[in-house]
Amino acid sequence: MKNKKGLIKQDSGRRKFLKMGIFASGAAVTAVGLNVFADDKTTGEKVKVMTTDGKTVEVDSGSLEKESCCNSHAVSNKEAREGMPGKKFVMVVDLSRCRNALKCQDSCNKNHFITGHNAWLKVYNMRESADTAPYWMPMMCQHCDEPACVTVCPVDATFKRRDGIVLIDNERCIGCRFCMAACPYSTRIFNWSEPDQKAAMEAVDHSPKYSPEHAGSPSIKGTVDKCDFCPHMTRQGKLPHCVSACPNDVFLYGDAYEDTVTNGSGQSYRLSKLLEDKAGYRYLDRLGTHPSVYYLPPAERSDDFVDGLENYTEFESVRKPE
Amino acid sequence: MSKYDELIVELAPRKFQRYGKIWTTGLIIVVILGIIAYIDQIIKGQEVTNMRDYVLWGVYISNFVFFVAISFVGSLGAAILRLTKKAWRTPLVRIAEIIAFAAIIMAGLTIILDMGRPDRLLNLFIHGRLQSPITWDVIIITTYIAISLLILYIPLLPDLAILSKYFKGKTWLSKWYGFFSLKWTGSKKQWEIQSKSIQIVAVLIIPVALILQTVDAWLFSTTYRIGWDSTNFGPYFIAGAFVVGTGGLISVMYVLRKAYHLENHITNMHFDKMGRLLVFACLVYLYFNINEYLLPAFTAPKAETEHLDELFTGLYAPLFWFVTIGGLILPILILIFPKGRKPLPLFIIALLVVVTSWWKRYLIVVPSLLHPFMPMQGVPESWHSYFPSLHEWAIVSGTLAMALLIITILVRYLPIIPIYRTAKEQGILETDKEGQL
């Protein structure tokens, strides 16, 4: 196990794994999710699962649960507004690794049943000026600590939780779109018409039950949607869809209080060290929005920028069937 | 017939003749078309507009800002003219107050047209949060509606009593005027209460009107958007409202003078004075425009330069120069000459000012939204630009027609020139022995 660049050393002990592995199940355990909160359901039956660093451990089958969609984890509106105690969710996006594979976007669109014309996660074709190299930049809700959208919302429909996540209560939103005008990152989208999500939901056998913690399930006409940082996944101990879908480990997600972020392959890093070593920054930080998403500059890139161009569609971010 | 009776006959509301009826019917048709378009928008969603995720506010919001702006001088001017006790104001104040009332009512309604969920309107009161500029707007607009209703209504009381007497033959009309005159007899006590009330409302409306325009500006300048994020916006909006309000008042008073043959009351002197006021308003507005557009051109960062270029020489240049020259430069150049302040040329200029002011709001709202911080990518090409859809035009036309309809109805049933005051100023007022009407 590499220990440089802040990679955390892990032992293969189950206790330690479970402690560390809140966000680590995504890639290694595909068909099953570890339910760290249901440890008391012991069945006596042992199952072998693979940990994030590739080691095999035996766990009680009671601590695993079948991958189910998120409604079983739906929390009350009050809990959804308060957020999880003792957490501060952050994301790191490593621009040097992004080659516009768009798996993040596909997964996000699929799992949030995005059927409009504007995805919540977009990979921008960015170029600061004519003298600098272009790069790919995934952009989603930045979950700012000083969210401009929350400040201007007249009805508390979009709110900031104690775990840092900014969510929307689509059952309260009046559709004034002031939050969209206020957001400097253009990450909010509006449901201009009745969302046609039936086929998308049938495809994954999903029955919608509204919760602000799972945006888009369902989307509501005349209200605003955006990236929700996937708390419905976090509650199951899983990573957000974009993080686990990315084939290039561009995204890292974790808890700033634990100073740990984990990528889709299950590797965990010290957040502070990662940002320091790789000169992490926050986009448009000068505005004072204090985003929860950090970017690592597109230095020492693993791929050529032009390789991403084959996937690039300037006028489409939600792929339509057919 | 005494002079007093003649005056009442001249100034009492009259039934519409042919043109009045055609005008009213036309307005009602446009309003109905607007309502039909709005119902369609409710059913299908705001997909029927050409607004999309980048241009998320369009002509509904710019139209709203226009209504808020035009409601300004109608009231503030009236209050200032009242407070300065200039006698020449008498035939103008009520027209101004009628325009203000119609405009602010329509401002309150038009903002609802832009809401994705108008069915959740009450959330603004149930879940209202004080730090949102929209909440400030809700508070200040409702306040302004109340105050502009009062400043229109309280001075009307003596006239309503006069009309109740005048329409004795037509019992229902007489009864309504009598009901709304609140048993006005003209006793000393009533006069005291009335003049005190007018004084209070006239003083109150000044800060409220200034706050209204400022809050309206803050809807934009509390965001990070290029072109909106400006500390100049509050006074800039106030000055703009001064211009469009004056223009609106001149336009309406010209039409009313023509339609009701009020040449004895609304004289060339009134047009001359209003013309001077409009020049003054335009000069102040020009000053703020220079602050808003010319100054940033010196030190603007790249993104802001792009925005300004689009206004000065780009896509929006024709509209920008039409608005700037037609709504600011031309009025100043023409109205500084006494000949330009004759009724007809002044009327044409005033109409031009009102039309350009409407487009000016459009230019404030739309181009900024086309310059977000992130590049526009991943959306259909049609989302990269904006021009109102048929639905939007129908709905906006409906609101403008509705405002004119409110003005028309008020003009039909209220004495547009205050009867009591005019009679008193001309020294022909007749009262009975107790000094009552």
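Order of the sequence lines fixes the chain letters, A, B, ..., with proteins taken first and strands second; residue numbering starts at 1 for each chain. Being a predicted model, the structure only gives us computed values, none of them experimental.
Between A/C176 atom SG and B/R120 atom CZ the span is 12.0 Å, to the nearest 0.5 Å. Taking CD1 from A/I174 and CG from B/L124, the interatomic distance works out to 4.0 Å, rounded to the nearest 0.5 Å. The SG atom of A/C173 sits 9.0 Å away from the CE atom of B/M115 when rounded to the nearest 0.5 Å.
Side chains of B/V379 and A/F315 form no contact here, defined as non-hydrogen atoms less than 4.5 Å apart. Looking only at side-chain heavy atoms (C-beta outward), B/R117 and A/I220 come within less than 4.5 Å of each other. Looking at B/N123 and A/E171, their side chains never come closer than 4.5 Å, going by heavy atoms from C-beta outward. Between A/F190 and B/R52 there is no side-chain heavy-atom pair separated by less than 4.5 Å.
Only the side chain of A/K122 comes within contact range of chain B, with at least one heavy atom under 4.5 Å from a heavy atom of that chain. Contact of B/L130 with chain A is not made at all, since no heavy-atom distance falls under 4.5 Å. At a 4.5 Å heavy-atom cutoff, the contact between A/V123 and chain B is made by backbone atoms alone. Heavy-atom distances place the side chain of B/R225, and not its backbone, under 4.5 Å from chain A. With a 4.5 angstrom heavy-atom cutoff, A/D169 does not touch chain B via any of its atoms. Interface remark: B/Y54 contributes side-chain atoms only to the contact with chain A (heavy atom separation under 4.5 Å).
With sequence neighbours excluded, the residues forming a side chain to side chain contact (heavy atoms under 4.5 Å, CB included) with A/N191 are A/I189, A/P195, A/S219, A/T223, A/D225, listed by chain and number.
Between B/G116 and A/R177, the closest heavy-atom pair is N-NH1, 4.3 Å. Minimum interatomic distance between A/L287 and B/Y224 (heavy atoms only, all atoms of both residues): O-OH, 3.2 Å. Closest approach of B/S132 to A/C153, counting heavy atoms only: CB-O, 3.5 Å.
With respect to chain A, the highest number of heavy-atom pairs below 4.5 Å among B/L219, B/L369, B/T222 belongs to B/L219. No other option in A/G222, A/A119, A/A148 has as many heavy-atom pairs under 4.5 Å with chain B as A/G222. When each of A/R172, A/E314, A/E316, A/E194 is scored by its heavy-atom pairs under 4.5 Å with chain B, the top score falls to A/R172. Contact count versus chain A (heavy atoms, under 4.5 Å) is highest, among B/P118, B/S382, B/P133, for B/P133. Heavy-atom pairs under 4.5 Å with chain A were tallied for B/S368, B/P375, B/G378; the largest tally goes to B/G378.
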**Request:** Kindly indicate, with the supporting measurements, whether the criterion side-chain contact (heavy atoms from CB on, under 4.5 Å) is fulfilled by A/V150 and B/R129.
**Result:** CA-CA 10 Å; A/V150 171; B/R129 307 167 78 222; 4.0 Å; yes
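Taking non-hydrogen atoms and a 4.5 Å limit, the residue list of residues 124-137 of chain A in contact with chain B, ordered by number, reads A/Y124, A/N125, A/M126, A/E128. Scanning residues 38-51 of chain B against chain A with a 4.5 Å heavy-atom cutoff picks out B/I42, B/I43, B/K44, B/G45, B/Q46, B/E47, B/T49, B/M51, ordered by number. Contacts of residues 179-186 of chain A with chain B at a heavy-atom distance below 4.5 Å involve A/M180, A/A181, A/A182, A/C183, A/P184, A/Y185, A/S186, listed in sequence order.
A/N118 and B/W383 are not linked by any side-chain donor-acceptor pair at a separation below 3.5 angstrom, with hydrogens and angles left out of the test.
Residues A/F178 and B/W57 bring their aromatic ring centres within 6.0 Å.
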